[in-house]
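Have a look at the structure below before the remarks.
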Amino acid sequence: MRLMKAATDLQEQAIEEISKEIEDLLSHSVNVNGEEQEKQSPLTFIDGVYNGTMDDAFRILSGLQLLHTIILKPKRHMTKRDRELFELNREQVNACGFSFPFDLDDFAGRHLQNA
């Protein structure tokens, strides 16, 4: 029998912090029609799916970190592999019990001050 260790408060706090950064990027994104995305809080733990283990928290955190890195990459440098990694990590995050309902294209028109 394998002993499951609970996620640490620091892991869950780090997940919340990176989620807020991604939500902030999304709030500065413009969709195809030129309208700003509605501000919402879709990035959250999924009740009944997230089991609060250290392993799941690690997978969610590492997945969100990679998603964040890819989102920040300049569009002209985006590769097919970046898109594949985005999808793989989005699926991993969702499978571990964290809702990430966005596609890479949802961030394509973001307006950043330093861009």
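All figures in this text were calculated on a predicted structure; none of them were measured in a lab. Side chains included, hydrogens not; waters and symmetry mates left out as well; all remaining heavy atoms used.
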Atom pair [atom1]/[atom2] of [X] and [Y] - distance to nearest 0.5 Å:
| X | Y | atom1 | atom2 | result |
| --- | --- | --- | --- | --- |
| Leu26 | Ser19 | CG | OG | 12.0 Å |
| Ile71 | Lys73 | CD1 | NZ | 13.0 Å |
| Phe107 | Leu25 | CZ | CG | 7.0 Å |

Is the shortest heavy-atom distance from the side chain of [X] to the side chain of [Y] under 4.5 Å?
| X | Y | answer |
| --- | --- | --- |
| Leu85 | Lys80 | no |
| Phe98 | Ile46 | no |
| Leu43 | Phe102 | yes |

Can you get from [X] to [Y] by hopping between Ile, Leu, Val, Met, Phe, Trp and Tyr side chains that sit under 4.5 Å apart?
| X | Y | result |
| --- | --- | --- |
| Leu104 | Ile18 | yes |
| Ile22 | Leu88 | no |
| Met54 | Leu61 | no |
| Leu72 | Leu66 | yes |

Please, which pairs that meet side chain to side chain donor-acceptor pair (under 3.5 Å) have at least one residue in residues 59-70, sequence neighbours excluded?
Glu21-His68, Asp55-Arg59

Would you say the side-chain atoms of Asn94 pair up with the backbone N or O of Phe100, donor to acceptor, closer than 3.5 Å?
yes

Indicate yes or no for a side-chain donor-acceptor contact from Asp106 to the backbone of Asp103 under 3.5 Å, with no hydrogens or angles considered.
yes

With the threshold set at 4.0 Å, does a side-chain nitrogen-carboxylate oxygen contact exist between Asp105 and Arg83?
yes

With sequence neighbours excluded, tell me which residues meet side chain to side chain contact (heavy atoms under 4.5 Å, CB included) with Glu12.
Ala7, Phe45, Tyr50

Please list, chain by chain and in numerical order, all residues satisfying side chain to side chain contact (heavy atoms under 4.5 Å, CB included) with Asn51, sequence neighbours excluded.
Thr53, Asp56

Kindly write out the residues that satisfy side-chain hydrogen bond (donor to acceptor under 3.5 Å, both in side chains) with [X], not counting sequence neighbours, or none if the list is empty.
| X | result |
| --- | --- |
| Glu87 | Arg90 |
| Glu17 | Gln13 |
| Arg81 | Glu84 |

Minimum heavy-atom distance Val49-Gly97, with the two atoms named
CG1-CA, 3.4 Å

